[in-house]
S.K.: 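Please find one structure pasted underneath; my questions will follow.
Numbering of residues begins at 1 and proceeds along the displayed sequence.
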Amino acid sequence: MATATQRLQRYLEDELEDCRPEDVDQRLDELDTLEAVLSTDRIEGDLDVLTALANETRYKLVRLLVAADGELCVCELNAMIDASESAISHALSDLTDAELITCRKDGRWRKYRASNGAIAILTLLDGVFANE
């Protein structure tokens with residue numbers, strides 16, 4: 001940590017031209033507030049979501065559910081995705097675990113819907129890559 005503090009001090013000296021020990025301490029305090037984004041729970045949750053989307057079948061399912069803007073029955077999803085029923089079932093389970101979709105049972109049918117998080121992620125992706 002001492003080396004990191006020394007590097008920070010050199011950086012602040014370059015930026016501020018006159019760096020005091022209080023400046024380094026203040027910046028370290030400011031950086032400590034950022035550390036919350038690195039919590040183990042936060043990182044694991046983010047990685048769960050990204051891992052769930054990093055498979056073609058799962059990604060297509062999320063895309064379909066976001067585009068549907070409502071619920072789709074598992075039988076409808078099976079008709080639209082070129083994968084085995086087992087693969088789709090497993091993918092839906094993974095997406096549910098990652099909280100990208102929700103599932104509810106309606107009689108003998110299971111109906112799926114994209115979560116607000118999934119909608120936000122795909123909206124962001126669509127906006128970022130729309131001009132490329």
Side-chain angles (χ1 to χ4, degrees):
M1 184 70 169
T3 303
T5 303
Q6 291 168 345
R7 290 185 74 200
L8 178 61
Q9 183 173 356
R10 286 195 309 270
Y11 170 73
L12 290 174
E13 285 171 354
D14 284 350
E15 291 294 309
L16 301 175
E17 295 180 12
D18 182 30
C19 178
R20 302 166 298 157
E22 300 85 40
D23 296 327
V24 174
D25 291 340
Q26 178 183 349
R27 188 60 184 152
L28 286 171
D29 289 341
E30 292 167 355
L31 292 172
D32 280 344
T33 63
L34 291 175
E35 196 169 16
V37 301
L38 297 177
S39 75
T40 301
D41 290 342
R42 177 75 179 261
I43 296 299
E44 286 177 2
D46 290 351
L47 289 174
D48 288 345
V49 168
L50 294 172
T51 299
L53 289 173
N55 167 278
E56 185 176 353
T57 299
R58 292 189 300 256
Y59 187 73
K60 284 179 178 180
L61 288 165
V62 171
R63 274 265 170 218
L64 279 172
L65 290 166
V66 168
D69 195 27
E71 293 181 326
L72 289 177
C73 177
V74 69
C75 62
E76 294 171 308
L77 295 169
N78 281 333
M80 298 182 73
I81 300 291
D82 185 25
S84 68
E85 286 184 27
S86 175
I88 291 173
S89 177
H90 186 71
L92 290 168
S93 177
D94 289 345
L95 293 169
T96 301
D97 290 347
E99 298 181 2
L100 288 167
I101 64 173
T102 60
C103 174
R104 76 176 180 88
K105 195 162 181 167
D106 185 15
R108 34 184 270 203
W109 304 104
R110 290 190 178 271
K111 296 187 177 182
Y112 293 88
R113 174 187 298 270
S115 70
N116 289 337
I119 294 167
I121 289 168
L122 291 188
T123 300
L124 179 65
L125 287 174
D126 290 345
V128 168
F129 298 111
N131 296 324
E132 291 187 17

S.K.: For the atom pair CG (Asp82) and CD1 (Ile88), what is the distance rounded to the nearest 0.5 Å?
M.R.: 8.5 Å
S.K.: Distance check, rounded to the nearest 0.5 Å: Lys60 atom NZ versus Leu65 atom CG?
M.R.: 14.0 Å
S.K.: In Å, rounded to the nearest 0.5 Å, how long is the span from OG1 of Thr123 to CG of Leu125?
M.R.: 9.0 Å
S.K.: Please report the interatomic distance CG(Leu77) to OG1(Thr57), rounded to the nearest 0.5 Å.
M.R.: 11.5 Å
S.K.: Where do Asp94 and Arg58 come nearest, in terms of heavy atoms and distance?
M.R.: OD2-NH1, 3.3 Å
S.K.: List the atom of Leu72, the atom of Leu64, and the distance in Å for their closest heavy-atom pair.
M.R.: CD1-O, 4.2 Å
S.K.: Test of understanding: with side-chain hydrogen bond (donor to acceptor under 3.5 Å, both in side chains), list the residues that count as partners of Glu76, not counting sequence neighbours.
M.R.: none
S.K.: Do other residues, nucleotides or ligands put more than 12 heavy atoms under 6.0 Å from the CG atom of Asn116?
M.R.: no
S.K.: Would you confirm whether Ser89, through its side chain, and Glu85, through its main-chain N or O, come within 3.5 Å as a donor-acceptor pair?
M.R.: no
S.K.: If you round to the nearest 0.5 Å, how far is CD1 of Ile81 from CG of Leu61?
M.R.: 4.5 Å
S.K.: Does the side-chain hydrogen bond (donor to acceptor under 3.5 Å, both in side chains) test come out yes or no for Glu30 and Gln26, once each step is laid out?
M.R.: CA-CA 6 Å; Glu30 292 167 355; Gln26 178 183 349; 3.2 Å; yes
S.K.: Can you list, pair by pair, the side-chain donor-acceptor contacts under 3.5 Å of residues 108-115, counting residues two or more places apart and other chains?
M.R.:
{"from": "Lys111", "atom 1": "NZ", "to": "Asp106", "atom 2": "OD2", "distance (Å)": "3.0"}
{"from": "Ser115", "atom 1": "OG", "to": "Glu99", "atom 2": "O", "distance (Å)": "2.9"}
{"from": "Ser115", "atom 1": "OG", "to": "Leu100", "atom 2": "O", "distance (Å)": "3.0"}
{"from": "Ser115", "atom 1": "OG", "to": "Gly117", "atom 2": "N", "distance (Å)": "3.4"}
{"from": "Ser115", "atom 1": "OG", "to": "Ala118", "atom 2": "N", "distance (Å)": "3.2"}

S.K.: Could you check Thr51, Leu47, Leu53 and say which one makes a side-chain contact (heavy atoms from CB on, under 4.5 Å) with Val49?
M.R.: Leu53
S.K.: Look up atom CD1 in Ile121 and atom CG in Leu50, then write down how far apart they are to the nearest 0.5 Å.
M.R.: 7.0 Å
